[in-house]
Every structure is written in structure tokens, then in C-alpha cells.
Amino acid sequence: MAPEVCLCQGEGPLSCGACCGLYNVEDPGREALSRLLAQRTLEFAAVPRETRAILGFGQRSAALAGETRPFPNFHHCPFLGLVGGGQRAGCLLHPLGQGNNGMDWRGLSHHGGLACHLYFCPSHRLLSPLRRKIVLAAAGDWHLLGLVAPEHAMLAAFFKSVEEFLGRPLPESVLGRPSFLKAVSEFFGLRRKNPWQERGAHARLVNYFFHDQEYENPKVDYAGLGAPVSRHDAVFRALSVTFGRREELQEAERFLDALAERAAREAAGVSSGCQNSFPITGDRIVG
Ligand code: SF4
């Protein structure tokens with residue numbers, strides 16, 4: 001049964017296809033992925049709904065994604081297209097898909113229909129319903145949502161920092177605060193581009209979050225830096241960020257602290273432009 005607050009398919013432009021290998025293509029940037037998904041969707045519309053034709057489409061569609069995948073053993077589902085009137089990424093084989101007339105063709109996918117039907121990544125178990133709602137509201141579109149939705153450790157570390165600055169758990173009312181959601185969205189944007197990335201942006205968009213850990217993200221060498229494990233370690237892991245010097249690590253920690261503090265201020269309903277009138281005790285917001 002789908003979780004009450006599901007990160008996989010939402011309204012309008014919100015969806016995620018990370019576990020289907022959405023970003024495991026040569027160019028996982030938003031523009032290129034949009035083009036790829038739109039082309040597949042168009043071609044699939046003309047495919048007769050019968051097994052041989054659909055499997056043939058799957059083969060042609062896989063080739064469209066390019067020969068080189070960042071993680072060769074991680075499947076990229078060739079049946080990912082655009083759904084919801086072309087607004088979001090989704091499964092072309094789903095019974096609600098255009099032209100499927102309620103027929104579920106997901107049994108023809110690589111992992112089979114049962115896996116597609118039953119799999120929900122750990123974020124659904126490990127993030128509270130409110131945190132999942134914040135993720136949906138702050139992501140804004142499918143490309144960014146898919147980059148953050150499965151990153152439960154990164155999300156939990158950030159929300160913990162925000163709540164520490166706030167001095168209490170985030171209230172439901174933050175969902176109605178655009179300035180708070182904007183600050184959270186900027187944090188999410190680090191999955192697309194961050195100040196510390198050394199490799200190309202595309203190399204780091206795809207993450208592998210399954211238990212077999214076949215493709216692990218690099219770890220910060222704290223011992224080598226002579227530094228304790230950072231409270232932001234889960235964020236650095238999700239972003240594949242490492243540091244050559246302790247000062248770089250400390251600068252990155254200050255950057256993330258500032259973003260979390262800003263989100264906390266916005267959650268408390270005080271614009272960061274009015275900081276002087278804001279009641280703060282130590283480094284914690286109490287208003
Ligand atoms: S990675 Fe998680 S949120 Fe994304 S589609 Fe898969 S199960 Fe849903």
C-alpha cells in the first residue's frame with residue numbers, strides 16, 4: 001500500500017524516478033532529461049499495446065538514453081517518460097498512463113510489476129509525514145524532487161540542524177511559509193550544484209542508495225584532516241563532497257549552518273532582513 005504522504009508521484013510537476021535510475025544516463029541535467037522523456041513519451045503513444053511491440057519500444061528507448069551510464073550495473077528504466085499531461089516524470093507502463101486504458105504493463109519492465117508496485121525507498125519510513133510534505137512543497141518540480149527524495153540521511157541531518165536552531169520541532173505551519181520553503185529549496189539545490197564540487201555536475205547527480213552499496217559515495221577523511229566527524233557528514237556524503245584541507249571543511253560547515261539558521265528564522269516567521277529584532281539565545285532561536 002502506498003504511504004500516506006508519498007514522494008513518488010504527486011500533483012502537477014511533482015514526481016521522483018530515482019529508484020528507476022532516472023539520473024543514470026549520460027546527461028542527467030534537467031534539459032536533456034526533459035527532452036529524452038518527452039521523445040519517449042511521444043514515441044510510446046504510437047506503440048500498439050501488445051507485448052512484443054512494447055518490448056521493442058523498450059529496446060529502442062534504452063538506446064536513446066546513451067551508451068554510457070555513470071553506474072553501469074544500476075538499471076535505467078527505458079519506460080520512464082512524462083506523465084500528468086507532460087508535467088512530470090513517470091512510468092509509461094502504469095495503468096493510469098495515457099493510452100493504456102487501465103491495463104498494467106509494468107510486468108514487462110526489467111524488475112517486474114511487483115517490484116514497481118511495492119518498492120518504496122527508506123525515506124518513506126525514516127522521514128516523518130511532515131518532513132515528506134516539506135520535501136514535496138520545497139522541491140517544486142520532478143527533477144529536483146528526484147534528486148533529494150531518496151536522500152533520507154541528508155534530509156534528516158538538515159532538518160535536525162534547522163530544528164536545533166529553531167529550538168523545537170518544525171511546526172506544520174511552515175508549509176504555508178514560502179520564504180521557509182525557498183530556503184529549504186536552496187538547500188536541495190546543492191544536489192544540482194554546490195560550491196565544493198570538483199567533478200562535473202553530471203557525475204554527481206545520480207546517487208545509488210540501495211543496501212548492497214555497490215556504488216558508494218566518497219567519504220570525508222576526517223582523520224586525515226585532523227577533524228572530528230562533521231554534524232553535516234550525511235550532507236557531504238549525499239553531495240559526494242570531500243575536502244583537501246580542514247579549513248575547507250569548516251567553511252562548508254559554516255555555509256550549511258547559515259542555510260539551516262536561515263530556514264529556522266523563516267520557520268519562526270522572521271525575515272532574515274529583520275534579524276536585529278529577532279530574539280536569539282546563544283545560537284538558538286527562541287521566538
Ligand atoms: S526513489 Fe523513493 S521517492 Fe523516488 S520513486 Fe523511488 S521509492 Fe519513490
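Counting starts at 1 for both ligands and their atoms, in listed order. Computed from a predicted model, the values in this text were never measured in an experiment. FYI, the numbering just counts along the sequence from 1.
Under a 4.0 Å criterion applied to the non-hydrogen atoms of Leu7, ligand 1 contributes the atoms 3 (S). Interface of Phe209 with ligand 1, defined as ligand atoms under 4.0 Å from a residue heavy atom, comprises 1 (S). Against a heavy-atom cut-off of under 4.0 Å, Cys19 is close to the following atoms of ligand 1: 1 (S), 5 (S), 6 (Fe), 7 (S). Less than 4.0 angstrom separates some heavy atom of Phe120 from each of these atoms of ligand 1: 7 (S).
The nearest protein atom to atom 8 (Fe) of ligand 1, hydrogens excluded, is given as Cys8 SG, 2.3 Å; this is a heavy-atom distance. Nearest protein heavy-atom contact of atom 4 (Fe) of ligand 1 is Cys16 SG, 2.3 Å.
By the 6.0 Å and 45° rule, Arg49 stacks over the aromatic ring of Phe44.
In this structure the side chain of Leu80 never reaches within 4.5 angstrom of the side chain of Leu92, judged on heavy atoms.
For the atom pair Phe236 CZ and Met154 CE, the distance stands at 11.0 Å (nearest 0.5 Å).
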Yes or no on side-chain contact (heavy atoms from CB on, under 4.5 Å) for Phe74 and Arg69, after CA distance, side-chain angles and deciding distance? CA-CA 8 Å; Phe74 179 23; Arg69 291 198 302 272; 5.9 Å; no

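Taking 4.0 Å as the cut-off between side-chain N and carboxylate O, Lys219 and Asp233 do not count as a salt-bridged pair.
Among the backbone and side-chain atoms of Cys121, an N/O/S atom is found under 2.8 Å from atom 2 (Fe) of ligand 1.
A donor atom on one side chain and an acceptor atom on the other are found under 3.5 Å apart for Asp257 and His232.
Residue His124 places a heavy atom less than 4.0 Å from ligand 1.
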